[in-house]
Amino acid sequence: MNIIVCVKAVPDPGEICRLKIDPVTKTLLRCEVPLVINPLDKHALEAALELKESSGARVSVISMGPPPAEAIIRECMALGADRGILLCDRAFGGADAFATAFTLARGIERAGPFDLVVCGMASSDGATEWVGPQVASFLGIPAVTMVQEFESRGSDIWRVRAEWQEGYRRVEVRLPALLTVTRELNQPRALSFSGILKARKKTVESWDLGTLGVPAECLGSRGSPTIVSRMETIEVRRNAELLQGTMEEKAEQLVSRLAAIGII
Amino acid sequence: MGKHFGPVWVLAELNDCRLEAVSLQLVGKARELADELDVACEVVFLGHGIEGAVPDLIASGADHVYIGDCAALELYQPFPYRDIICSLAREHAPEIILIGSTFMGRELAPLIAARLETGLAAHCTGLRHDDDKNLELQIPAYGGLMSIICPVRRPQMATVARGVFKTPAPDTARKGEVVRIPVPEATDMPARTLEIVRKPAAGIRLEDARVVVSGGAGACNPEGWEKIRELAQALDAGLGCTRPVVDEGWAPLHTMIGQSGKMVSPLAYIAIGLSGEQQHMVGISGAQLLVAVNNDPKSPVFGQVDLGVVEDCREFLPVLIAKIRAYREARPGCRE
Ligand SMILES: Cc1cc2nc3c(=O)[nH]c(=O)nc-3n(C[C@H](O)[C@H](O)[C@H](O)COP(=O)(O)OP(=O)(O)OC[C@H]3O[C@@H](n4cnc5c(N)ncnc54)[C@H](O)[C@@H]3O)c2cc1C
Ligand SMILES: Nc1ncnc2c1ncn2[C@@H]1O[C@H](COP(=O)(O)O)[C@@H](O)[C@H]1O
């Protein structure tokens, strides 16, 4: 079985609040925020690695991103991925979800035959949730989003359980297929020292526009149907009255303020 | 001569035999947008036994309702749903398609956009036409508001959560036309929904709650989260959360408040250990009283609420919960 995992390098969610709109120029203030594996993509990789261990599979990781994203792919290889591919070219920059998905789909096709593509449900910085289903569309395969459990796995028919409002949805899907996964699916493993050592010897393949052989106008900002037309800053509306005193006193004041509007 | 525009579309959806609130809200918005372009407001509605809901769609502003009604479409099925909607869209060339950020919409919207080779904006909190009559799709980002447009391709597509737009007042005198669309007998379905299981959550629904307690990363650990849950219980409040809480697994995704989660409009909103990021705060509207508990006096959350308590929530909440219980016991008339 060949499994492809789409992994995105994202600015560390713990530090993303440092990215702000400049109130004067209305553009994004540039600053260095370290890149990490998109949290949900760890669950996507874990799903692939567990399948590799239980049924035998070759796991390839693919990412579209800037050169520093290579470190993220190497981390996936240290965790157990067999192959790593970075789609990296200036021409891929400025892509919206549509162009990102298109580029990834062309990369996946080039990587060879596959049975399963696994994505995270959402990325922590983009969070459109669309790259997965759109990759599937461009590959012409079915997609099931927000998978939280594999119920049964036949040779080419799988049954999965996906999030759905307060309950769940049971779906039967025919491989090759793309699944986007939620954190309920598994518990991602931790990096091991021996894994890190082994990954040092592996190479990350870097593919550019020429390797993909796709016209540049289909990729990056040129291939994106949407553009950002404007950024605005939002005025803060309120200024809090800070309650004073000991912890007990603050609690008492809060109770009476809540009671005053009739909610206690 | 001005530009010629196509109709404005909404995809409507049933939830447990009732129209999703967001469907009506989007019809209300689509009506406004259609009037600005001087075109029809149209609804596409797939399912089984759905005709009873059509009058509500018309009363909310729809001129035409395309319905595809058959047993095979009772449950959301990605393949026939996508194919029916895309072929109808090719025929009628809508200018705009609005879709609720429901579980169906979140999967179906990108499938439709990819097939129609057009742009889509996720979880919009505002929609308006710019001077060129392009639809500005607004989403909160980086502490501000980002406007996205899809200048060349059509339709312009957006998903919107329930509660972003108001439910329009129904006008039962409005007239509209129902158009039955042919549905394919049997299609090959590489992905097939077998069943949808509903497990109504215990406790108070966030959307209906008069008081919402919302917890963030400041809960620190499961024990800290438990205290926040207890506070919600003591106040008969709905319990919401921020994204890191979902990532940690302390609370389920459907209780996340904000741009990519639920929109709530309680009387009072109490934020515990969260920083007041825009993507979360856009989820709260119309609250009379906003309260924040945070151990960092410089936290941006204090710029967005009425009342602030600077304390470590793990120590403060047990004290607060005890005071709330004592207050209630002293007034036996109060509901417990
Ligand atoms: C496109 C996009 C969409 C998003 N959609 C959503 C969404 O719908 N909903 C959502 O919530 N988020 C969303 N996010 C994430 C959002 O940007 C923030 O990252 C998130 O809301 C922050 O959560 P938080 O406030 O709990 O965590 P943090 O920002 O880490 O804040 C934690 C706060 O807790 C305080 N604290 C720490 N310890 C304690 C303690 N012991 N006692 C009291 N206070 C303490 C800290 O001072 C801090 O202010 C989205 C992000 C993106 C990019
Ligand atoms: N640039 C990228 N490279 C690789 N995978 C990506 C990229 N962007 C998004 N993905 C995948 O798509 C999922 C959903 O992302 P998004 O649509 O941005 O919320 C992520 O969890 C990844 O699995």
Side-chain angles (χ1 to χ4, degrees), chain A residues 17 19-21 28 39 96-98 101 127-130 133-134 137-138 141-146 163-174 177 182-183 225-234 236-243 247-248 250-252 254-255 257-259 261 263-264, chain B residues 103 106-107 110-111 113-115 118-122 136 142-151 153 190-201 210-211 247 249 253-254 260 267-268 277-278 288-290 292 302-311 315-316 319-320 323-324 327-328:
Chain A
C17 51
L19 296 172
K20 289 278 176 226
I21 299 174
L28 201 57
D96 67 3
F98 183 94
T128 65
E129 303 173 9
W130 294 340
Q134 296 206 325
S137 299
F138 294 131
I141 59 174
V144 185
T145 57
M146 304 194 210
E163 260 201 64
W164 191 269
Q165 273 141 33
E166 271 110 42
Y168 57 88
R169 172 169 72 118
R170 294 182 54 236
V171 188
E172 188 172 86
V173 62
R174 189 162 72 220
T182 68
R183 56 167 307 289
T226 61
I227 55 171
V228 173
S229 67
R230 209 141 52 96
M231 300 265 227
E232 293 162 50
T233 43
I234 297 178
V236 170
R237 301 150 308 164
R238 317 206 183 200
N239 231 330
E241 169 195 346
L242 295 184
L243 297 179
M247 203 183 306
E248 293 268 330
K250 288 177 189 171
E252 265 159 30
L254 185 51
V255 167
R257 297 291 283 268
L258 293 174
I261 62 164
I263 62 166
I264 304 192
Chain B
F103 282 76
R106 286 151 74 175
E107 182 174 286
L111 295 174
R115 175 59 70 91
T118 193
L120 172 66
E136 276 191 355
Y142 311 112
L145 207 55
M146 194 159 83
S147 291
I148 291 172
I149 58 171
C150 180
R153 306 195 197 184
R192 190 159 60 90
T193 303
L194 302 172
E195 69 175 325
I196 289 173
V197 177
R198 286 166 219 282
K199 284 193 297 188
R210 290 169 73 234
V211 185
D247 291 343
L253 178 65
H254 67 83
S260 25
L267 215 56
E277 273 291 328
Q278 209 57 45
Q288 263 179 36
L289 182 69
L290 292 135
F302 291 125
Q304 312 195 46
V305 296
D306 307 297
L307 267 189
V309 177
V310 182
E311 287 290 353
E315 289 160 27
F316 180 68
V319 179
L320 179 63
K323 297 263 181 235
I324 292 168
Y327 184 95
R328 288 207 157 151

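Please read these numbers as outputs of a predicted model, since none were measured by experiment. Every chain is numbered from 1, with letters handed out A, B, ... down the list of sequences.
Heavy-atom distances place both the backbone and the side chain of B:R106 under 4.5 Å from chain A. For B:V197, the parts lying near chain A are the backbone and the side chain together; criterion is any non-hydrogen pair under 4.5 Å. Both the backbone and the side chain of B:Q288 come within contact range of chain A, judged by heavy atoms closer than 4.5 Å. With a 4.5 Å cut-off on non-hydrogen atoms, B:A121 touches chain A through its backbone but not through its side chain. Using a 4.5 Å cut-off between heavy atoms, A:L242 contacts chain B through both its backbone and its side chain. With a 4.5 angstrom heavy-atom cutoff, B:Q278 touches chain A only via side-chain atoms. Using a 4.5 Å cut-off between heavy atoms, B:T193 touches chain A through backbone and side chain atoms alike.
Using a 4.5 Å heavy-atom cutoff, the side chains of B:F103 and A:R169 are not in contact. For the pair A:L243 and A:L254, the minimum side-chain heavy-atom distance is below 4.5 Å. Under the 4.5 Å side-chain criterion, counting only non-hydrogen atoms from C-beta, A:I264 is not in contact with B:V211. For the pair A:I263 and B:R210, the minimum side-chain heavy-atom distance is below 4.5 Å. Between A:E129 and A:M146 there is a side-chain heavy-atom pair separated by less than 4.5 Å.
Contact count against chain A (heavy-atom pairs under 4.5 Å) is highest for B:E107 among B:E311, B:E107, B:R115, B:R153. In terms of heavy-atom pairs under 4.5 Å with chain A, the best-connected choice from B:D306, B:V319, B:L320, B:V310 is B:D306. When the candidates B:G249, B:G308, B:C150 are compared by the number of heavy-atom contacts under 4.5 Å with chain A, B:G308 comes out ahead. Highest contact tally toward chain A, considering only B:E136, B:E195, B:R198, B:H254, is held by B:E195 [criterion: heavy-atom pairs under 4.5 Å]. Listed options A:G167, A:P133, A:P225, A:A143 were ranked by heavy-atom pairs under 4.5 angstrom with chain B; first place goes to A:P225. Taking A:I227, A:T145, A:I141, A:T182 one by one and counting their heavy-atom pairs under 4.5 Å with chain B, the maximum is reached by A:I227.
Residues forming a ring pair (Phe, Tyr, Trp, His ring centres under 6.0 Å) with A:F138 (at least two apart in sequence, or on another chain): A:F98, A:F102. In this structure B:L194 satisfies the side chain to side chain contact (heavy atoms under 4.5 Å, CB included) test together with A:R159, A:R170, A:E172, B:R192, sequence neighbours excluded.
Between the side chain of A:E232 and the backbone N or O of B:L145 there is no donor-acceptor pair closer than 3.5 Å.
Closest of all the heavy-atom pairs between B:F302 and B:A292 is CE2-O, 3.6 Å.
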